[in-house]
Amino acid sequence: MTGDQDHIFRLKFEVPSDPQLLSVVRSAVGQIAAVSGLSEQDCRSITLAVDEALANIIRHAYQDRGGQIEISCQRFVSGAAGGPANRLEFLLTDWGRSVDTSELQGRPLGEPEPGGLGLHLIRAVMDEVHYEPCGDHNRLRLVKYLTGKKTAATPEGD
Amino acid sequence: MQISTRRSGNATILDIEGDIDLYNSPELRRVLLGALREKGTGRVIVNLKGVRYIDSSGVASLVEGLKVSRAVGNRLSLIGLSPAAREVLELSRLIRVFEVYENEEQALGA
């Protein structure tokens, strides 16, 4: 606890850009989502979104050559439930190659082609996705509102 | 992740245990494509009952397997989807492109 009325907790850690450590981060993210009161399904989907974001950094920002990734997770509560003020937020920072935002469109879903799914999964799960190249580093901010708006795994009819 | 391979008639069954992610999906791809291309195999059944997590790279490996199965003229089926595996395939809107069965008996009877 920080004592800040709107800011319940912040966890910050750094991991090497190494696919072998993704399972460790998934465990942490799943626990963070669980203590934030999310359903089992939402815990799974948020874990998937953060894992996919990290995999994209490993593959595209660092191009499998290694580097550091900083993961900051913050839980905010303020105002009405279901709005952006009541949220779980992940900020991922890397010091690798910046991705041209025009490359962040993904490909059409439903086509049996391998690859290009990660970004779609992130966008399907999270309520806000912001990517920002900032000079020598890049920031990806993923936000999940804690009630209302969007639930995971609602693809067929949306 | 661990993959065990066994035969049932002309079907090869891959029993997978553990998480499928960027780290180990190349191994899934290697084993799956190898099984599909093996002579005498009429179909490959991927048993995901022991898979608690699968990411887009794992889904991509399955999709690649599907394409190879079509190219070589045999069948690829998925069984035992956990909630996590089902959710990822649904979010990817790919669940309908696969033959999906509840269990091995249903798959072998289809």
Side-chain angles (χ1 to χ4, degrees), chain A residues 15-27 29-30 39-60 62 64 69 106-126 150-158, chain B residues 1-2 16-33 36 46 48 50-72 75-78 81-100:
Chain A
V15 291
S17 174
D18 179 351
Q20 197 167 1
L21 293 170
L22 287 171
S23 62
V24 176
V25 179
R26 287 198 299 274
S27 297
V29 171
S39 68
E40 274 187 36
Q41 185 176 344
D42 278 342
C43 290
R44 285 195 297 268
S45 62
I46 286 172
T47 301
L48 173 70
V50 175
D51 185 67
E52 293 288 350
L54 289 168
N56 279 347
I57 290 170
I58 293 168
R59 294 175 65 184
H60 302 300
Y62 287 120
D64 299 313
I69 305 170
R107 62 163 179 78
L109 291 180
E111 295 176 2
E113 294 293 332
L117 285 173
L119 190 61
H120 282 294
L121 294 174
I122 295 167
R123 287 190 170 137
V125 167
M126 305 305 282
K150 186 182 279 191
T151 55
T154 54
E156 298 291 334
D158 64 0
Chain B
M1 180 194 69
Q2 289 189 322
I16 307 176
E17 293 277 341
D19 292 4
I20 304 172
D21 65 7
L22 184 66
Y23 176 62
N24 54 36
S25 60
E27 174 69 2
L28 169 62
R29 178 182 179 277
R30 186 186 67 76
V31 174
L32 176 59
L33 299 194
L36 285 162
V46 179
L48 296 166
V51 173
R52 300 164 304 164
Y53 179 81
I54 180 168
D55 75 346
S56 65
S57 70
V59 172
S61 297
L62 296 175
V63 168
E64 200 169 349
L66 185 65
K67 294 186 82 164
V68 168
S69 74
R70 289 172 176 170
V72 300
R75 293 168 66 188
L76 172 65
S77 307
L78 308 181
L81 268 61
S82 64
R86 186 173 290 278
E87 283 159 19
V88 173
L89 287 171
E90 287 178 347
L91 281 170
S92 309
R93 302 190 187 180
L94 287 169
I95 195 151
R96 290 177 183 167
V97 308
F98 289 101
E99 279 187 46
V100 178

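What's counted below: heavy atoms across the whole structure, side chains too, no hydrogens, waters or symmetry copies. To find a chain, count down the sequence lines: A is the first, B the second, and so on, and within it residues start at 1.
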I'd like to know if B/Arg30 and B/Glu27 make a salt bridge, using a cut-off of under 4.0 Å between side-chain N and carboxylate O.
yes
Please classify the contact of B/Ile54 with chain A as side chain, backbone, both or neither, using a heavy-atom distance under 4.5 Å.
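Backbone only.
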Contact class of A/Leu121 relative to chain B, heavy atoms under 4.5 angstrom
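Side chain of A/Leu121 only, per the 4.5 Å heavy-atom cut-off to chain B.
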What part of A/Ile58 lies closer than 4.5 angstrom to a heavy atom of chain B: side chain, backbone, both or neither?
side chain
Could you work out, with side-chain hydrogen bond (donor to acceptor under 3.5 Å, both in side chains) as the rule, every residue matching A/Arg26, not counting sequence neighbours?
A/Asp51, B/Asp19, B/Asp21
What are the two closest non-hydrogen atoms of B/Tyr53 and A/Leu48, and how far apart are they?
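What the structure gives for the nearest pair is OH-CD1, 3.5 Å.
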Looking at residues at least two apart in the chain, or sitting in another chain, which of them share a salt bridge (charged side-chain N to carboxylate O under 4.0 Å, His left out) with B/Glu17?
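B/Glu17 satisfies salt bridge (charged side-chain N to carboxylate O under 4.0 Å, His left out) with no other residue.
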